[in-house]
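Remember, it's a predicted structure, so these values are computed and weren't measured experimentally. Residue numbers begin at 1 in each chain, while the letters A, B, ... track the order of the sequences.
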Amino acid sequence: MAALVRGLRAGRVLRGLGSVQGIVSPQCRNVRRGFHRATLLRLADDSKSGTSVPPPSFHEVPTAGESSSSSEPLEDGQPNTSYQDQSGEHGEDYETEEQLQVRILTSALEFVPEHGWTVEAIAAGAETLGLSSASTGMFNNGAGDLVLHFVAQCNAQLAETLAEQHNLVQLGQAESKETAEFLRDAVEMRLRMLIPYIDTWPQAMSILLLPHNIPDSLKHLSTMVDDVWYYAGDRSTDMNWYTRRAALTGIFNTTELVMVQDSSPDFEETWDFLDNRIKDVVNMANTAKQVQATGEALVQGLMGAAITLKNLTGMNQRR
Amino acid sequence: MQRFVRPQLMLRGSQQTILPTAGQPCRNSISAVPCVRGRGYSVLPPTNDEEEKAMLHRMMRVDHAGEYGANRIYAGQMAVLGCTQTRPLIQEMWDQEKKHLSKFNEILGDNRVRPTLLLPLWNIAGFALGAGSALLGKEGAMACTVAVEESISEHYNSQIRTLMEKDPEKYTELLQMIKEFRDDEMEHHDTGLEHDAESVPGYQLMKAIIQAGCKAAIYVSQRV
């Protein structure tokens with residue numbers, strides 16, 4: 001028990017060090033992770049085993065200077081009620097760590113307008129769930145985890161909505177849209193999800209551009225663009241697959257940039273910009289088709305001329 | 001080749017609902033095999049396992065690239081030998097390859113499989129190989145056919161082996177399809193041999209080079 005407390009204190013100190021320097025060594029991270037995971041699992045364990053004596057470590061968390069009141073709900077004499085408050089835990093089912101992380105990050109999103117995309121927001125989110133703010137140690141990537149979680153959540157929401165619309169069209173209860181209109185609506189829908197966080201979004205974008213976040217953010221972006229094109233009806237299996245997705249990625253990213261510095265009412269300028277970009281892409285596609293058709297016609301003309309020439313000079317005849 | 005699918009247009013308020021024919025019911029969530037009208041079965045079994053999905057997608061990607069390349073090879077051969085006696089022979093084999101390619105296009109579209117980035121390369125390389133081998137005459141074209149079809153058959157066989165090792169029942173439709181295609185390719189291989197493929201000068205060397213190229217192409221297409 002005492003060892004656990006010492007570990008917690010050590011973990012907190014290390015975290016403090018980490019935030020000052022901005023760099024946390026892997027060992028510190030592992031220590032933090034190990035101790036905080038152990039702490040949270042103990043939380044889950046004790047509330048389920050029904051012990052009426054909470055482990056002393058939780059008493060000592062407030063005395064060590066932590067201002068969290070999160071331990072209060074767990075200290076009551078009827079531990080059975082405490083775990084009923086936490087959704088996802090009932091009976092013998094344990095919540096997985098990923099589920100817990102998802103819950104913490106989702107509740108942390110409320111505090112983003114106040115604290116920005118930072119570990120403080122995660123800590124505040126954890127506290128609303130009745131957990132110690134030290135549970136931010138679970139998130140190795142800190143603010144990056146929060147931003148990536150938000151992006152994944154938005155993309156999932158978008159995919160769900162598009163799938164529902166797709167089903168309605170297939171069942172004949174709705175009309176299908178033109179490609180350009182569909183793309184416009186999908187991108188607008190996705191960007192509107194940023195509106196509650198638009199003031200702090202530049203910070204989130206810069207977090208997504210950090211080298212260690214780039215693989216994940218690119219993965220989210222490419223999945224989202226693939227989803228949009230799939231529901232727009234794209235079934236191409238040649239280079240069009242790549243060019244279409246590249247075009248939509250460009251449209252999405254530039255529109256996002258316009259949006260963060262747009263101050264017009266309801267972001268009208270952003271939607272106008274989006275309209276124009278989509279028109280550009282459609283024009284380019286049409287031009288490309290025209291060029292190809294012209295090229296083919298030209299080749300046929302040249303072949304015809306060559307054959308005529310061969311006929312005139314008598315080269316075509318068999319002797 | 002551009003393929004665009006517009007979902008059924010229906011008058012709003014119409015009482016008719018169009019449901020897919022016997023087979024998979026329409027699901028709201030995104031599955032590996034979405035609801036497609038008229039298709040009563042799916043060649044790729046739906047799966048939630050990421051690794052399995054990646055493996056299946058890789059297989060379909062490389063097979064699609066292979067059929068695309070084979071198509072271009074026959075196109076190249078036809079471009080050179082189109083006015084000779086071998087025309088009907090090449091045309092028949094080419095038509096079968098076109099059928100294979102359209103089947104793979106269907107699978108890629110339905111299952112949201114990414115096509116390989118190297119398709120333009122296979123386009124040019126395939127046509128060049130076909131045309132180049134046809135310049136050596138009918139025997140050269142047949143030799144090229146024999147070499148390529150042997151490589152492709154070997155590749156399909158290894159895929160069949162992999163799937164059989166994993167779970168023959170789960171992949172029944174997929175195995176059936178690959179076996180059918182492999183049999184077609186073996187038929188082309190035998191046709192090539194019948195039509196004096198081996199009498200081309202430098203047959204062994206040509207065959208070795210082409211098969212090495214095919215192996216490299218398969219290796220790369222699985223990864224890019």
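Along residues 216-224 of chain B, no residue comes nearer than 4.5 angstrom to chain A, judged on non-hydrogen atoms.
Checking B:E52 against B:T47 by side-chain atom types alone, a donor-acceptor pair falls below 3.5 Å.
Remark: A:W271 pairs with no residue by the side chain to side chain donor-acceptor pair (under 3.5 Å) rule, at least two apart or across chains.
Within a 6.0 Å radius of NZ in B:K170, other residues, nucleotides and ligands contribute more than 12 heavy atoms.
Side-chain atoms of B:T84 and B:K138, non-hydrogen and from C-beta on, never get closer than 4.5 Å to each other.
At a threshold of 4.0 Å, the pair A:R245-A:D234 counts as salt-bridged, since one of the basic side-chain nitrogens sits closer than that to a carboxylate oxygen. With salt bridges taken as basic N to acidic carboxylate O contacts below 4.0 Å, one links A:E95 and A:R103.
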